[in-house]
Every structure is written in C-alpha cells, then in structure tokens.
Number of protein chains: 2
Amino acid sequence: MPPARPDSAPAATPAMRGAHATIHDVARVAGVSVASVSRVFNGRDHVRAEMRRRVEEAAAQLGYVPHAGARSLSMARTGAIGVVLPDLHGEFFSELLRGMDREASARRLGLLLTVLHDGRGLDTLAALRGQVDGLVVMAPELDPDVLARYMPRGLAAVFLACAPQVGSLNMRIDNRAGAAAAVAHLAAGGAKRIVHISGPAGNLDAQERRAGAEAAAAEAGATLSVIEGDFLEASGTMVGERVAAGTLAADAIFAANDMMAIGALVALKRHGVAVPEQVAVAGFDDIPLARLVSPALTSVAIDIAAMGARAVAQLAAQIAGAREASSGEASTGADEVIVPHLMVRETTRETDRG
Amino acid sequence: MPPARPDSAPAATPAMRGAHATIHDVARVAGVSVASVSRVFNGRDHVRAEMRRRVEEAAAQLGYVPHAGARSLSMARTGAIGVVLPDLHGEFFSELLRGMDREASARRLGLLLTVLHDGRGLDTLAALRGQVDGLVVMAPELDPDVLARYMPRGLAAVFLACAPQVGSLNMRIDNRAGAAAAVAHLAAGGAKRIVHISGPAGNLDAQERRAGAEAAAAEAGATLSVIEGDFLEASGTMVGERVAAGTLAADAIFAANDMMAIGALVALKRHGVAVPEQVAVAGFDDIPLARLVSPALTSVAIDIAAMGARAVAQLAAQIAGAREASSGEASTGADEVIVPHLMVRETTRETDRG
DNA sequence: CTGAAAGCGCTTACAG
DNA sequence: CTGAAAGCGCTTACAG
C-alpha cells in the first residue's frame, strides 16, 4: 500500500475499503478530535464521561483497534523483547522459552524469536531495532567481537551463556564447577577411565565443561579421554556403541549435555551393557527427560526455566531504567553466575554418605 | 521520550545523545536527501555509485541502522508473524516452534510468540495489529466464537487444531482416526478393558480423541472407561498407580497424549506391572521422547514440526496474496487435514501380520 | 477537559 | 538519477 492514496475515492474510509479503521475514522464518527480518542484509549488523562461514551461507541461500531506499530513509533516503546537463540533442538530451549514466557507474559511483553542457524541470521539482529525494546541473546558459539559488531547499538540487552560482553549484563552458567562435580562423583563411584563426550569445539559452554571435567579427573587420578560431539543424541549413540563394542575402554561416560548422555545410555543398554554396573553415565542440563529414561540419568542440573525468567526480568529492569534515565546508557547490574548442582540418579553409583 | 524534543539543544543529533542515528542524520552527513539514503538502503531504484558510496560511508560512520518500526509503518509490512499458543509445556510445542522457525527463517520472517495462559492473554491478540503481518493460532480449548471476537479483523490467519473458523484457513489433525487406530491396535493385541486417559473436557483435540477411542472400542467389543486428565504427566501417573493398585481394572491404557502415557508407564513399571504383558500402553503425538522411554512407547504420530512449517508457509502465501490483491480479502485456500499414523513400539503387543 | 499541530522515522509517487 | 513533500497511524506538550 503506497503511503498516499491518490487513486482511491476520497470519500472511501479505510473501514469501507476492508482495511482497518484508524483513529481518524473513530474521531470523525464520534465527532471529536483524534487527541481525545487517543486519551480515551490510553486512559491516563481525564476525559468526560460523555466523551468517553461517544468514542467507545464509535470505536465499537467501526471495530477499531489501535495500530501497535504506529503506537510504538510514537511512544518509542514496542512492548516486545527479542530472544536470540542458537537453535531450537531439544528440551533445553523449550524450557528456556517457557521460563521467558512466564516472566514476559506477567509483564505483558511479547517475545520475538530469532534463531541463529549456525551464524546465518546474524544480520537480522540489527533489523530488530524499532521492533523490540531489548534483547536476550544466547549465542554460545559466537565470537564475542563478531556478536558485538552485529548488535544494534543502544538497545538494552542481556547475554545468556555467551562469552561476556563488556558493558552489558551477562548471565553465565558455572560450567566448570558443574562438570567437575559430575566427574568427581563418577570417580568417587570407582570410575578410572572416563570418556567425556564434549560439545562442539567452538562452543563456550562445551569448552568450559570440558575444562572442568579435565581438572576433576586429574584431581581424582582418573583418566579422561575426550570425544567431540555436537550436543545431539546421535553423537552420544556413537560413543555408546564404541564402548559396548570394546573399541573404546571406559567405565564411565560424562556427556556435555543430556541428549548425548541419553544417546550413549540407550546404545549401551541395547548392547547389553549394564548401567551403572559396567559403565556409569552422567549428563548435563537435567532436562525433564533425564528422570524419565531408565535407568534415570544422573545430570548436572540448572533450573533452565528460572534462568530464562531471570534473564527477562533483568532485561525489563534495564529497559525501565533506560526509560527513566531517559538519555543514554541504562545501568546494567552486575553479572550473574548460575551455579548448577548435581542430581544423582540411577545411572551412577551412589557414593557413601556420612 | 516525548515526540518533540523542545528541551534538548537544537544542535544535538540523536547520535550525540547516545540514541540511534536516524535517516536524517545520515542524509545530513552525506549531504544528500533522505530519499536517497532510503534508496541506497533499499536498493531497488538505481542510484549513482558516488551517491551510494557517500551514503554508505556516512551510515557506517554514524552506525546507522534503519528503524524497523518506522519502516513497517510506512510499508504496511512488519516482517513478523504472530504465533498464538495455548501453553509451552512439553515437547509438543517445542517441536511445533522448531518447524515454524524453519519455515519462517527461510522466509526471513520473525516469530512473535503470544501464549494464552488458560484464556488470559486473549486481549493482547488485538494489540498485535500493526505488529505482525499475520497470525498462526492454536487454541484447542477456546470457543470459536470467543476466539473470533478477539481476532484482529482483516489480519491474515491460519488456525491450527482449533474449532474451525469460517472464512479462514484451518489445519486440523484427524484425531478421531488416530485415536481409533490406537484403540483398534490395543484390542487386536488382546485388550478387553481399556482405560482412556482423556484431555481436559473443554479441549477439542481431547474430545475428538475420546470419540475416536470410544468408537473403536465399541467396534472391537472392548470396554472403554474414561478418566479425565489434563495432558500433564501427573494425571497419567495417577491412573498408572490406580491400575497397579488394582483399584482400576485395565489390560490396556490409551492416553490422549504422550506425557500422560509416559506418566502411566513409569508408574506401572515402578509398581512392578509388566508392560505390555500385563498392561499395554499407547499415547498420542509421538514426541521425540516416546522412543526414548523404555519400553519405547507406542504412539499416534503426527509430524509436528512439519505441521508447524506448513502453517507458516500457508500463512505466508495468504499474506502475499492479500498484498497482491491489495484491497481486502486474501483467498484462503482449502482447509487441510493432517492424517496421523500409528507408531507401534514396545509398550503394546505387536499383532500378527500376514 | 479538549483540539490543533508537531513529531516519531521511515517510504514513495511526483516532478524535475 | 535526485529532492521536496506527503503520508503511514499514532501520542503528547501546548494553549485554550
């Protein structure tokens, strides 16, 4: 639709044309100014009851609904926040979104999803300016400088599990501690030859989990061999089959996420390997599925939904702050670290307690 | 930020104020008109190389990024589609979103998520006007008239698993056929007393699945007792425990979705009931988890991701059509029915074949 | 309490 | 090829 309508009949109202009624249509029908219609709909200023009645009547008659786009341009507020995710595979992101929605719904904020299919989509980030009030970004595989280059300037942002962005609020998972706890637990259960299925080499979470696993293995005097996976079930399956076949010696497997752990677990069981008696298995994330497989999977737990909710809350605070301070930078609170804890279940041997 | 900036120094450019540079800033720095800047950025019309160079230089210098909100107001196109979902629990919605994103990303469309927490949120639907180009709505628990009342008029829409909306494109799952296939399979495996864990009474999918189950049970001469669940694991657990305790007589359980079936399955196993020997179990949806539990769950499969992708593709076609026809109604293609198929796995007895 | 007007940041016929 | 101007549909100081 061209901005001008030179060729439409001058008397035709948008409502007549099948398009939506505008605030001008309502004003005309109600016999008042557009300013008054606006006031009635926003309900801040006082308007006389009679005025309100007439406007509401006209609006109802025309089926008028304010145009959110125009509104946000005028008010410099969209009511939406952008969510940038690396991928949508698996329950991790489903849980994360659920938590984000919980918080966003409560604040009447929309969630605009942008998925970075291994790098592609980065250029759409900048285009989010004017479409969202802020961004929650999760991009564990991206170089922080590259990411910074594509971020729209001056937009509030919270970074989740990314390489830290200076000047922004970063929420990080303590991957090292979580992985170390899992490996220490395996070693305490008697494991001597631990296989670690890592995430992709470029992934920050993967790097940190691997480092934590290596440190704990060294500490416990166990050997740790690393096989690179891709966070998908199939790479776990492959390792499980090699272990079952005897090609890969292991009395324990620690995977960098649950889906790979489950892949390994299922493969081991299929080949008659007893878990945890012959080979213990542990994962990372503690997705809902972890307790449903059998034996139930020991995993490093993070409250994913809570993390998502927290990120949205932080972002909302940042947006409100920027709005208040009106000019320029919002105060970005201190970075936050999420500390995971180990959920011991049936795929590992419980160690003595007291 | 007030629309006018009466109190800011007249010489201050937005860029200087920490805010974003606008097209006017770029035009001024490049010494050209805003129209030309617009042309360079949209790349449709021809512009001289020298002009392009100057504009691009100025834009780079100012860190200019076009304002999507203003753009969409001008062009009457947002580049986003709204996704309205009843809830985010479980893998079903994760899969659905994944499919939608696959298609939306390919078309460079954003996905604006709106979750209807049992009814709440309906009033935000209308507010989507001007924020999205169209809507994919999934609301199996909503009365079609109520839904119609809240839908923004004149916005393209595809309805997924809703009570059919006249004049719109509806995509429906053939729930009756799917449920009937599952129950027929259970009966063929020898089941005589089947317990059906239904979805909530107000849910259309639930109603149809129940009807299909009842028809098939009657056909096969098996009894079917219905216990109302809520699509969550816990309601399946409860039924599983009653069956294990002998309070509820059953040689087979058919749940209206997989999470309830898995709840029942886990409860039965925990209490030492052999599946499928003593009690067979079947679910509906065939979420990825279904094949990971053990024994692996027999389930009525629908390609959830494909369904989501298809809905987005249909919506995109509808939007393009409306844009082409310029005035008024888009042609909404014929309704579509998704036909599920039964995935037989280990929780049911395989019946003879040939 | 209400209205006229300017402004939000773009795009695009229209006329050079 | 380029610029001036009108327009997208709202909101909000400003002046009654």
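All values below were derived from every heavy atom in this structure, side-chain atoms included, with hydrogens, water molecules and symmetry-related copies excluded. Everything quoted here is computed from the prediction, not taken from an experiment. Lettering follows sequence order; numbering is per chain, from 1.
- Sorted by first and then second residue, the pairs that involve residues 49-86 of chain B and meet ring pair (Phe, Tyr, Trp, His ring centres under 6.0 Å), not counting sequence neighbours, are B:Phe41-B:Tyr64.
- Nucleic acid contact class of B:Arg129 (heavy atoms, under 4.0 Å, all strands): sugar-phosphate only.
- Among residues two or more places apart in sequence or in another chain, the side-chain contact (heavy atoms from CB on, under 4.5 Å) test is passed with B:Glu336 by B:Met171, B:Arg310, B:Gln314.
- The side chain to side chain donor-acceptor pair (under 3.5 Å) test applied to A:Asp101 returns A:Ser105, B:His117, not counting sequence neighbours.
- In this structure, the side-chain contact (heavy atoms from CB on, under 4.5 Å) partners of B:Arg53, at least two apart in sequence or on a different chain, are B:Glu50, B:Glu57.
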Throw together a table of side-chain donor-acceptor distances under 3.5 angstrom for residues 29-38 of chain A, partners on residues two or more places apart or in other chains.
| from | atom 1 | to | atom 2 | distance (Å) |
| --- | --- | --- | --- | --- |
| A:Ser33 | OG | A:Ala35 | N | 3.4 |
| A:Ser33 | OG | A:Ser36 | N | 3.2 |
| A:Ser33 | OG | A:Ser36 | OG | 3.4 |
| A:Ser38 | OG | A:Asn42 | ND2 | 3.2 |

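- If you check residues 30-42 of chain A against DNA chain C, the residues with a heavy atom closer than 4.0 Å are A:Val32, A:Ser33, A:Ala35, A:Ser36, A:Arg39, listed by number.
- Within the structure, side-chain hydrogen bond (donor to acceptor under 3.5 Å, both in side chains) contacts touching residues 141-166 of chain A (residues at least two apart or in different chains) are A:Glu141-A:Asn203.
- Across every non-hydrogen atom of B:Ala139 and B:Cys162, the tightest pair is N-SG, 3.2 Å.
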What would the secondary structure line of DNA chain C be in dot-bracket form, counting Watson-Crick and G-U wobble pairs under 3.5 Å, with [ ] for pairs that cross earlier ones and | for pairs with another strand? |||.||||||||.|||
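- Considering only side-chain atoms of B:His24, the nucleotide from C:dC10, D:dG3, D:dC10 that sits closest is C:dC10.
- For the C1' atoms, the distance linking D:dT12 with D:dG16 amounts to 16 Å, nearest Å.
- In this model, the phosphate group of D:dC10 is not approached by any side-chain N or O of A:His67 to a distance below 4.0 Å at OP1 or OP2.
- For residues 123-140 of chain B, the set of pairs meeting the side-chain hydrogen bond (donor to acceptor under 3.5 Å, both in side chains) definition, not counting sequence neighbours, comprises A:Arg108-B:Asp123, B:Thr78-B:Asp133.
- Distances were taken from every side-chain heavy atom of A:Pro66 (C-beta onward) to each of D:dC1, D:dC10, C:dT11; the shortest belongs to D:dC10.
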